[in-house]
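Values below: every heavy atom of this structure, side chains too, minus hydrogens, waters and symmetry copies. Letters A, B, ... are given to chains in the order of the sequence lines, protein chains preceding strands, and every chain is numbered from 1.
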There are 2 protein chains.
Amino acid sequence: MGLRAGLRAGPPEGLRERKKQLTREALVRASLELFIAQGYERTTVDEIAEAVEVSQRTFFRYFAGKEEVALASQSRIEAHVKTLMRARPPEERPFEAMRNAVLAGWDSLGEAIGESVPVSLHMRSYLLIESTPALIAAHLRRSMELEEEMAALIAEREGLDASDPRPRLAVAAFSGVMKVAGRLWSQGDDLSVRALRDLMVASLDSFGPAMAADWRSPAP
Amino acid sequence: MGLRAGLRAGPPEGLRERKKQLTREALVRASLELFIAQGYERTTVDEIAEAVEVSQRTFFRYFAGKEEVALASQSRIEAHVKTLMRARPPEERPFEAMRNAVLAGWDSLGEAIGESVPVSLHMRSYLLIESTPALIAAHLRRSMELEEEMAALIAEREGLDASDPRPRLAVAAFSGVMKVAGRLWSQGDDLSVRALRDLMVASLDSFGPAMAADWRSPAP
DNA sequence: CAGGCTAATGTCAGCCACTGACAGTTGACA
DNA sequence: TGTCAACTGTCAGTGGCTGACATTAGCCTG
């Protein structure tokens, strides 16, 4: 131990492991670039494999399907947010904790997705997802799983029984708001991370009013 | 005109149109029965086509894909709810109108899905969807489209600009609650329509408290 | 009611995502 | 260094889905 110098998180286990990591990252990068350049459907797995110089079979040993590689960098963020959520101080109320975890997640985007996928590529891949029906579907399913984990986390934080529906309701509302923000962002023209973050904050802030107020009376 | 007697809604245009309708219904029925009996993935399109005695190619002329036929009876309900939503009196607030439209939709399930698909078959198909990852994904995507239409409807009702995010936020929250209710239902053991309806009402009723209350203090 | 028009269907060939089986290659480690 | 296990490539096959073209069958007009 302690032999290696200048590395941060996970020390590469050996040559084999390092090569695998490299192949994986190359596949993600090549996939995203091809998807963005020519569209998701119009890109075949053979093309991706060829670009990375591996066989098609190898591609499928790294990813369960074409969808998975398209959502790969998105998954990194979700994992990151989950970690941050677990680290939230227990005094924070559920909504507050989720809000802080998500915002902190986007503020540290770079660390979340690693060096192999530049931030701008990641953002364009997000855009790709939002504009490709097959990927929208896959993404929503993954989000549902995330929601369930978040609800379980919150139930634990608050000391509630697993059957209590309130955490699930709160999480459903929260991620509904996030989805609206994501959609607004993808339809706007400022594709920066900052713009997305601002939209998230704005959507969260107008959620309360949106639920309570009488929209027909002139705004307060 | 006026020659035909004793028919209700859409007068069958002729023999050709009637046969198409019949084929379509037979495909939906056979699909659902096969899916339920042996699972969605383990059922091939060839099997379905064979059961109805049409070619595989014909199947794909009626449905864009295997997913679509699995969601067919679900789609009927969504269309029905949309209609009911449009008929809601304008005095109702958005949440109220959505709630009433959805509940009324389930109360008139029979009329919505027609005779070709019995209610119990429909409910089991709903269960199938909730337990099949590929169908969950497809269903969530369709729900998203429904949400957008609902938001547009509400924006119009309330006389709001299309860019106002509040209708979208309200709809997102509402359908988040509905999804939770659907999930609770599919995981319970009472698979009746009544049970689903009750869960929807219960979820809607506990939504307010779930958002506002301090869950840690003993319930009021 | 014959015959042409057109919509609906069947047949065939082919693409692409994905998988199992088997063989070859290459790090790991005694 | 040689053995083992992990990783990769090749091949053959299944199933969803599509375009092109031929065939059938309701429809409509004279």
Side-chain angles (χ1 to χ4, degrees), chain A residues 1 3-4 11-28 30-32 34-35 38-72 128 132-138 141, chain B residues 1 3-4 11-28 30-32 34-35 38-72 128 132-138 141:
Chain A
M1 303 292 177
L3 293 174
R4 300 185 187 82
E13 287 303 329
L15 174 56
R16 190 174 261 171
E17 212 57 33
R18 223 174 312 143
K19 272 181 131 178
K20 273 205 310 188
Q21 202 58 30
L22 240 42
T23 306
R24 193 188 164 80
E25 284 168 5
L27 283 171
V28 172
S31 298
L32 294 185
L34 283 167
F35 290 159
Q38 58 190 30
Y40 175 74
E41 274 101 2
R42 278 185 302 278
T43 304
T44 69
V45 174
D46 284 313
E47 281 180 283
I48 299 167
E50 199 177 358
V52 184
E53 293 182 302
V54 295
S55 70
Q56 194 218 47
R57 196 67 183 83
T58 294
F59 173 92
F60 284 112
R61 287 202 178 93
Y62 280 88
F63 301 97
K66 222 172 110 177
E67 284 169 359
E68 196 176 297
V69 70
L71 300 178
L128 176 84
T132 307
L135 294 180
I136 293 178
R141 214 202 79 220
Chain B
M1 302 291 176
L3 293 174
R4 301 184 186 82
E13 288 303 330
L15 174 55
R16 192 178 258 169
E17 211 58 32
R18 222 174 313 142
K19 272 181 129 179
K20 272 205 313 187
Q21 203 58 31
L22 240 42
T23 306
R24 193 191 164 80
E25 283 168 6
L27 283 170
V28 171
S31 299
L32 294 186
L34 284 167
F35 291 158
Q38 56 191 30
Y40 175 74
E41 274 101 1
R42 279 186 301 280
T43 304
T44 68
V45 174
D46 284 315
E47 281 179 283
I48 299 168
E50 199 176 358
V52 184
E53 293 183 299
V54 295
S55 70
Q56 195 219 46
R57 196 66 182 83
T58 294
F59 173 92
F60 285 111
R61 288 202 177 94
Y62 280 89
F63 301 97
K66 222 173 110 177
E67 285 169 359
E68 195 176 297
V69 70
L71 300 178
L128 176 84
T132 307
L135 295 180
I136 294 178
R141 212 200 80 219

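Here Tyr62(B) reaches the OP1 or OP2 of dT9(C): one of its side-chain N or O atoms lies under 4.0 Å away. Regarding contacts with the backbone of dA7(C), every side-chain N or O of Lys20(B) stays at 4.0 angstrom or more from both OP1 and OP2. Between dG10(C) and Thr58(B), a contact under 4.0 Å exists linking OP1 or OP2 to a side-chain N or O.
Summarising the geometry of Val28(B) relative to Ala72(B), their closest heavy-atom pair is CG2-CB, 4.0 Å, with the distance given to 0.1 Å. Closest non-hydrogen pair, Leu128(A) versus Tyr40(A), comes out as CD1-N, 4.4 Å. Here the closest heavy-atom approach between residue Glu47(B) and residue Thr44(B) is recorded as OE1-N, 2.9 Å.
One can place CZ of Arg42(B) at 13 Å from P of dG16(D), the figure rounded to the nearest angstrom. The distance from atom CD1 of Ile48(B) to atom P of dG15(D) is 13 Å, rounded to the nearest whole Å. Taking atom CG of residue Leu34(B) and atom P of nucleotide dG16(D), one finds them 12 Å apart after rounding to whole Å. Between Leu27(A) atom CG and dC7(D) atom P there is a gap of 15 Å when expressed in whole angstrom units. Counting to the nearest Å, the P atom of dT8(D) and the CD atom of Glu50(A) are 18 Å from each other. Per the geometry, CZ belonging to Arg24(B) stands 12 Å off P belonging to dT9(C), to the nearest Å.
Counting heavy-atom neighbours within 6.0 Å of Gln38(A) CD, excluding the residue itself, gives a total above 12.
Atom CG of residue Leu135(A) and atom CZ of residue Phe35(A) lie 7.5 Å apart, to the nearest 0.5 angstrom. Ile48(A) contributes atom CD1, which lies 15.0 Å from atom OH of Tyr62(A) (distance to the nearest 0.5 angstrom). Note: Glu68(A) CD to Leu27(A) CG = 11.5 Å, rounded to the nearest 0.5 Å. Arg61(A) CZ to Ser55(A) OG: the interatomic distance, rounded to the nearest 0.5 Å, is 6.5 Å.
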Between the protein and nucleotides 15-19 of chain C, are there any N/O to N/O pairs under 3.5 Å, and if so, what are the atom names and distances?
unit_1  : atom_1 : unit_2   : atom_2 : d
dA17(C) : OP1    : Thr43(A) : O      : 3.4
dA17(C) : OP1    : Lys66(A) : NZ     : 3.2
dA17(C) : OP2    : Val45(A) : N      : 3.2
dC18(C) : OP2    : Lys66(A) : N      : 2.7

Point to revise | Under 4.0 Å protein heavy-atom contacts per nucleotide of nucleotides 23-30 of chain C, with B for base, S for backbone only and - for none | key: ---BBS--

Point to revise | Derivation and outcome, side chain to side chain contact (heavy atoms under 4.5 Å, CB included), residues Phe59(B) and Ser31(B) | key: CA-CA 11 Å; Phe59(B) 173 92; Ser31(B) 299; 4.3 Å; yes

